[in-house]
Structure formats: structure tokens, C-alpha cells
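Right, one structure below, let's go through it.
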Number of protein chains: 2
Amino acid sequence: MSTGNDNRSLKQKKILDCALKIIRDHGDAGLTMRKIADCAGMRLSNVQYYFQSKDDVLAAMVSTYFGECEAELTQVAHSCESLGRPERTHRLISEVLKHGTELSDMCRVFRELWAISSRNDVVSGEMTTYYESLCRVVSNSIVGTEGSSRQKARVGSLLLPFVEGYSITASSLPMTVEEVADMLTELTLGLMDN
Amino acid sequence: MSTGNDNRSLKQKKILDCALKIIRDHGDAGLTMRKIADCAGMRLSNVQYYFQSKDDVLAAMVSTYFGECEAELTQVAHSCESLGRPERTHRLISEVLKHGTELSDMCRVFRELWAISSRNDVVSGEMTTYYESLCRVVSNSIVGTEGSSRQKARVGSLLLPFVEGYSITASSLPMTVEEVADMLTELTLGLMDN
DNA sequence: ACTACTTTAGGTCAAATGACCTAAAACTTC
DNA sequence: GAAGTTTTAGGTCATTTGACCTAAAGTAGT
């Protein structure tokens, strides 16, 4: 009885993974049910059996993907837990900036999702929720549970925009990733002094 | 002799404006030569007479648009010129953050262009160049010509990523635009003290 | 008014796409 | 192993799209 459901989940996951790959490489315009079927090694009709419409694929894909991204960041934050605040901060910042340095797979996907979210309410909602939890994870990780809510708000409101914007502008900046990470660490720590 | 060329430029501009509108509202996938023709009030064949292919439209559109954006920011920077550094900084930052607060037309367009630039070398190149000059304009405006290149680099490397990222994450942040502008001004001014 | 050049109108064509549909095959369950 | 359910195969169909093509209309320059 389990194999049936497992197989179903597996196929659905496969479809969503393929959709993500295609979106990442060919954008919104390039995502078609047929390409998904090709990539997943199944028939078009079979993809449509699991997801009635293209929009259904998109919605499921986005939801899954944000979940995975949040889990990844939570994991990174957890791995910094034992360090002191300055090292913890620097480590976390370096880690998240790294994604934006070269045009990573994750960056490409997010660029597409930002575009889609301007004209898709479901995606837009998921995105807002995702960033809200991201903001919480980051500020809690750096400020810690003992910090004031004002400190958390300031740290989150500095880091979240910066990190996302860095993934867009990195190649145009007159500083290296390391220099930027150092500067941002310094600024973040400064936010908590006063 | 002038009316002919004027008319030509006018029609081309009209086409590019329409392409921009369509991209902004319907994304890469929604941009078709026929929609452009409809919007511009001409025949498909006529659009194709001025721009042989869809890619040609896109390339011309991007180039024109970046030019307009840069001119706009230069204009804002110029209007702050007479103020002292703290007021100048705060004014410039408030002004550019405002764009990102609500999902403005400009934000929508940029979200699409970020996505397109991941898979289009022409657009990607124009984007990098655009951000490089933006970085110069902003850091020169704030630091001034007398400042060190290190100060300029730090100011540009803080503001450029932040502003672009803010346009993505604004709605998920726990602070108002005004609070964010104040904080960012404070941090930027601090960068030039030491 | 004639000629050469530019611009517009209207249409064709092959390829791609999302949504449907039907029947066969593969499974559970009893 | 029979009946019922889930999954897969294969196909159709209307629409849309970019690219082309040809002829007509418009616009100088002489």
C-alpha cells in the first residue's frame, strides 16, 4: 500500500524538479508542459494527470522550493549557533553572500520568481511569507533570543534587502565579496551597539 | 527632409514604449510582436519592418530604458547637490527607496529584466554597465569629489545592493520606509567617518 | 511627371502549445 | 482471479506565434 503513494510523491517531485530546472534555464516563457514531460521522462498526458494545468505545476513548484530554501538557511544558521556573535555574524553573512557572487542556480530561479510574482498573486503571497520567515531566521540567529525587537528589526531590515540586492548587483560593485562581507558584518554589529 | 526621419524615430520609440508596457504587465512570455503592433496601433508587418526580430526589439528597448533610468537618477542627484552631506544623503536615499515601496512600474520592469538578463548576454551586459554607472553616480553624489576612492567604493557597495534588494523585500520587512531610510542614512554617513 | 526609395497592408506557413479525450495497462482490494 | 481504481499511452484540436512574402501606397529628388 505504501509503494503506490511513494511512487506518486516521487513522480510529482520529479515533475516539480524538472519544472524548476526549466524555469531556471529558460524562464517563464520557456516552461511548457511538454518540456516538463521530456525532462521527467514521461508522457505529456501523464504530467497532466498529476497536475491538471500549468498553473498548478507552478504553484506547487514555488511552494516546495521556498520550503527547501528556508530549510537550507535554517541549517546554515544552526551550524553557526555555537560561535560568538561577531564570528557568527560574519560566517552567516559570508555564507549567504556567496550565493550571489557567481550567478548560482538559486539566483537564476529567484530572478524568475521575482518576475512571476509581479503578476501572480499566489507566488507573490508565498514570496512575502518566505521573506518574512527568512528575516526572522536571520535576525534571531544574529541578535539571539535575548536581543530587543528593535535590534532584530534593524538587523533584518538591513541584511535581507542587502543580500537579495547583492545577488543582482555583485558583478557591478567595486569591492570583492570578502570586502563586502567584512563591511556588512561591521555595520551589522554596529547596529547592535547603540 | 526632417519629417521622414522624425516619423521614423517616433514610430520606433512608440514600438519600444509598447514593448516595455507589455513586458511590465505580462512578462517575457507575454511579449509578442502582435501585441506590440496592437498596442502601437500598427500592423504586425510594420513593426517587423522597423525591427526585424523580437530580439531586436528587446535589445533596443533595454538600451533605451537603461538610458532613461540613469538620466532620472542623475537628475535626482543633481537636485540634491546644493544640500549639505547629511541632508543630501538622506534625501537621495529616501528618493530611491520610494520606488521600491509600492510595486512601481519601474520595479516591475526591472524584475523582468533581471530574469531576462540571466539568459541573454546582451541584456546582461547592458545591465552590468548600467549598475556600474549607477554606483558611480550615487557614490559621487554622496561622498563628493573630494572623497577617497575607498569611501566611494564602500558607499556604492552598500547602497546599490540595498536599494535593489529593498524593492524586492520591502513588503516583508518589519520597518517602515522612513525608518529604513533613516537607518541607511545613518549607516552610510558612518561609513565616511572612519 | 517620372523614378527610386520608404513605408504600410494583408496574407501565408510551419511549429509549438494547453487542454481534452479515450482506451489500454498496471495496481489494489477482496 | 475478478472488480474497481489508478496510472500511462497516444492522439486530436483550436489558438498563438515568429518569420516571410508580395503588392500597394506614400514620399522625396530631379
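Chain A is the first sequence line, chain B the second, and so forth, proteins listed ahead of strands; every chain is numbered from 1. Just the heavy atoms: all of them, side chains too, but no hydrogens, waters or symmetry mates, feed the values below.
The line from CD of B:E112 to OG of B:S117 is 11.5 Å long, rounded to the nearest 0.5 Å.
Nucleotide D:dA24 holds its P atom 18 Å from the CG atom of B:N46, rounded to whole Å. Going from atom CG of A:L10 over to atom P of D:dT8 covers 11 Å, rounded to whole Å. Remark: P of D:dG18 and NZ of B:K54 are 5 Å apart, rounded to the nearest angstrom. If you take CG of A:N7 and C1' of C:dA26, they are 11 Å apart, rounded to a whole angstrom. In this structure, NZ of A:K11 is placed 7 Å from P of D:dA9, rounded to the nearest angstrom. Here the P atom of nucleotide C:dT17 and the CZ atom of A:F51 are 19 Å apart, to the nearest Å. Rounded to a whole Å, the CE atom of B:M33 is 21 Å from the P atom of C:dC13. Rounding to whole angstrom units, CG of residue A:L58 and C1' of C:dG18 are separated by 14 Å.
Sorted by residue number, the members of residues 13-31 of chain B with any non-hydrogen atom under 4.0 Å from DNA chain D read B:L31.
For A:R8, a side-chain nitrogen or oxygen approaches OP1 or OP2 of D:dT7 to under 4.0 Å. Within the 4.0 Å cut-off from OP1 or OP2 of C:dT8, at least one side-chain nitrogen or oxygen of B:Y50 is found. Proximity of B:Y49 to the phosphate of C:dT8: no side-chain N or O atom is located under 4.0 Å from OP1 or OP2. OP1 or OP2 of C:dG10 sits under 4.0 Å from a side-chain N or O of B:R43.
With sequence neighbours excluded, the residues forming a ring-ring contact (aromatic ring centres under 6.0 Å, His included) with A:F66 are A:F110, A:Y130, listed by chain and number. Partners of A:T32 under the side chain to side chain contact (heavy atoms under 4.5 Å, CB included) rule, at least two apart in sequence or in another chain, are A:R34, A:K35.
Screening residues 151-170 of chain B for ring pair (Phe, Tyr, Trp, His ring centres under 6.0 Å), with sequence neighbours left out, gives no hits. Screening residues 174-185 of chain B for salt bridge (charged side-chain N to carboxylate O under 4.0 Å, His left out) gives no qualifying pairs among residues at least two apart or on separate chains.
In the set D:dA19, C:dT17, C:dT7, the nucleotide with an atom closest to the side chain of A:K35 is C:dT17.
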Could you pull out every donor-acceptor pair under 3.5 Å between side chains of residues 73-86 of chain B and any protein atom, sequence neighbours left out?
from: B:T74; atom 1: OG1; to: B:E70; atom 2: O; distance (Å): 2.7
from: B:H78; atom 1: ND1; to: B:E81; atom 2: OE1; distance (Å): 3.2
from: B:S79; atom 1: OG; to: B:V76; atom 2: O; distance (Å): 2.7
from: B:R85; atom 1: NE; to: B:I142; atom 2: O; distance (Å): 3.4
from: B:R85; atom 1: NH2; to: B:V143; atom 2: O; distance (Å): 2.9

Show me the donor-acceptor pairs, under 3.5 Å and distance only, between side chains in residues 16-31 of chain B and residues at least two apart or in other chains.
from: B:D17; atom 1: OD1; to: B:K13; atom 2: NZ; distance (Å): 2.7
from: B:D17; atom 1: OD2; to: B:K13; atom 2: NZ; distance (Å): 3.4
from: B:D28; atom 1: OD2; to: B:R119; atom 2: NH1; distance (Å): 2.9

Could you list the donor-acceptor pairs under 3.5 angstrom formed by side chains in residues 36-53 of chain B, with sequence neighbours left out?
from: B:S53; atom 1: OG; to: B:D55; atom 2: N; distance (Å): 3.4
from: B:S53; atom 1: OG; to: B:D56; atom 2: N; distance (Å): 3.3

Audit row: A:E186, B:R154, salt bridge (charged side-chain N to carboxylate O under 4.0 Å, His left out) steps and yes/no: CA-CA 12 Å; A:E186 174 194 316; B:R154 281 162 67 90; 3.0 Å; yes
Please list, for nucleotides 20-23 of chain D, all pairs of protein and nucleotide N/O atoms separated by less than 3.5 Å.
from: D:dC20; atom 1: N4; to: B:Q48; atom 2: OE1; distance (Å): 3.0

